[in-house]
Amino acid sequence: MKITSLQVRAVQVPMPEPHRTASGTIAASPLVLLTLHTDGGVAGHAIVFTYTPAALGPVASLLKNMEPLVVDQVLAPIALYEHLQARFRLLGTQGLVGMALAGIDMACWDALARARAEPLHAMLGGGNRPIQAYGGIGFDGEKDSALAAERWVRQGFRGIKAKIGYPTLAQDIAVIRAMRSAAGPDVEIMVDYNQSLTPAEAQIRLRALDSEALAWVEEPVLAHDYAAFVQLAAGASTPLQAGENWWGPLDFRHALNAGVRDHVMPDAMKCGGVTGWMRVAAMAQAYGVPVSSHLWPEVSAQLLAVTPTAHRLEYTDWWNPILQSPLQLREGMAIVDGVIGTGVQFDEQAVARFAA
């Protein structure tokens, strides 16, 4: 099959409730929806999350401007990945360009799996492997974080993660203990600083958090400050998590070679789509590093099913309103049985309703 066209649409999907972080509040998801059409009548779909509405139009335009580079290309995702990486090497393949390229890659793999009437994980050689998921909690304070923890546990989740980075360490600890009290002793708790601390501040807080029995502490410092991660990990007993803001396999190679090896968390868009993820997973296996996911639950559940050191799926329902069949969960486990392709297919009526 050959690619015939790219259909690009922009939407703004309201959040089920505003998601607060240490760096701001997200009230709606600005998404570029990509549908890749082929001469075989099969289409592949992908979502690009631009984080801010300011990038929504530019990413949509960028994807449409890339259409001539992919039309008439054979539907061979790895070959197309290499072709596009080479075309944009001088401009750079991170940032908005990297987001657009990853969208094309995910849509290509979706189309190829759909052409074979298989789920992505089966086409990649994996089995039907349920993946343990965890629920996310925003920068919601002590009381609301505890209530959110109770809701996730009632739905069968055995792991929860909260945003922290409050003005004082005492507030961070109060939130963690409130969630622990609400969720019970058998539920794993993770926390995410969203890069909000300096290395000196992080060292103080991590030392205190070591007594809170956390599964991991995520991005206490700037994501690309690999030296700080290594230094902090050496002085803390709680594992550190990072990776959602690393771009492509090369960033992961640099981080792993620098010694950042507690946990990694690729983002399906920022790491280079399906092709990039598979290369990251191979590196993580070589170093024995557990791999969890960031966003993209439908795609990530399939990719974790073929990741040798798979750990946890970050579950969000943010984009469910525009999907025909959102990811299914059972007792806190992501179920990929019966899914075709990546599982991403758009509800056209919802897309029209949320058009930007």
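Hydrophobic clustering (side-chain heavy atoms under 4.5 Å, transitive across Ile, Leu, Val, Met, Phe, Trp, Tyr) groups Met1 together with Leu80. Transitive grouping of hydrophobic side chains (ILVMFWY, heavy atoms separated by less than 4.5 Å) brings Met99 and Ile47 into a common cluster.
Counting non-hydrogen atoms of other residues, nucleotides and ligands closer than 6.0 Å to CG of Leu91 gives a total above 12. In the displayed structure, Gln231 atom CD is contacted under 6.0 Å by at most 12 heavy atoms of other residues, nucleotides or ligands. Atom CD of Glu201 sits in a crowded spot, with more than 12 heavy atoms from other residues, nucleotides or ligands closer than 6.0 Å.
One side chain, Thr238 or Asp210, offers a donor N or O that lies under 3.5 Å from an acceptor on the other. A donor-acceptor contact closer than 3.5 angstrom is absent between the side chains of Trp109 and Thr342. Between the side chains of Asp105 and Thr275, a donor-acceptor pair is found at a separation under 3.5 Å. Using modelled atom types and a 3.5 Å distance limit, the side chains of Trp247 and Thr93 yield no donor-acceptor pair. In this model, no donor atom of one side chain and acceptor atom of the other lie less than 3.5 Å apart for Asn257 and Tyr226.
Side chain of Thr4 to main chain of His37: a donor-acceptor pair is present (N/O by atom type, distance under 3.5 Å, no hydrogens or angles). Side-chain atoms of Gln171 never come within 3.5 Å of backbone atoms of Tyr166 as a donor-acceptor pair (strictly under, hydrogens ignored). Remark: the backbone N or O of Ala208 is paired with a side-chain donor or acceptor of Ser211 at under 3.5 angstrom. Side-chain N or O atoms of Trp296 include none that pairs as donor or acceptor with a backbone N or O of Met269 at under 3.5 Å.
Asp225 meets the side chain to side chain donor-acceptor pair (under 3.5 Å) test with no other residue; sequence neighbours excluded. With sequence neighbours left out, the side-chain contact (heavy atoms from CB on, under 4.5 Å) criterion links Val289 to Leu256, Arg261, Val264, Ala284, Tyr287. For Ala76, the side-chain contact (heavy atoms from CB on, under 4.5 Å) partners two or more places apart in sequence, or in a different chain, are Val74, Ala79. Residues passing the side-chain contact (heavy atoms from CB on, under 4.5 Å) test with Asn245, sequence neighbours excluded: Gln195, Glu219, Ala223, Lys270.
Screening Leu222, Val221, Asp262 for a side chain to side chain contact (heavy atoms under 4.5 Å, CB included) with Phe229, the sole residue that qualifies is Val221.
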* To do: Carefully, step by step, assess Trp277 and Thr307 under the rule side chain to side chain donor-acceptor pair (under 3.5 Å).
  => CA-CA 9 Å; Trp277 178 296; Thr307 297; 2.9 Å; yes
* Give the intermediate values and the outcome of salt bridge (charged side-chain N to carboxylate O under 4.0 Å, His left out) for residues Asp192 and Lys163. => CA-CA 5 Å; Asp192 183 0; Lys163 307 289 188 183; 3.0 Å; yes
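Checked against a 6.0 Å centroid threshold, the rings of Tyr134 and Trp216 count as neighbours. Outside the 6.0 Å centre-distance limit, the rings of Trp246 and His254 are not counted as a close aromatic pair.
Checked for salt-bridge contact, Arg180 and Glu188 miss the test: no charged N lies under 4.0 Å from a carboxylate O. A salt bridge links Glu82 with Arg279: the closest approach of a Lys/Arg side-chain nitrogen to an acidic carboxylate oxygen falls below 4.0 angstrom.
The ring pair (Phe, Tyr, Trp, His ring centres under 6.0 Å) pairs that include a residue from residues 325-356 are His45-Phe346, where partners are two or more places apart or lie in different chains. Listed by first and then second residue, the salt bridge (charged side-chain N to carboxylate O under 4.0 Å, His left out) pairs involving residues 108-123 are Asp110-Arg114 (not counting sequence neighbours).
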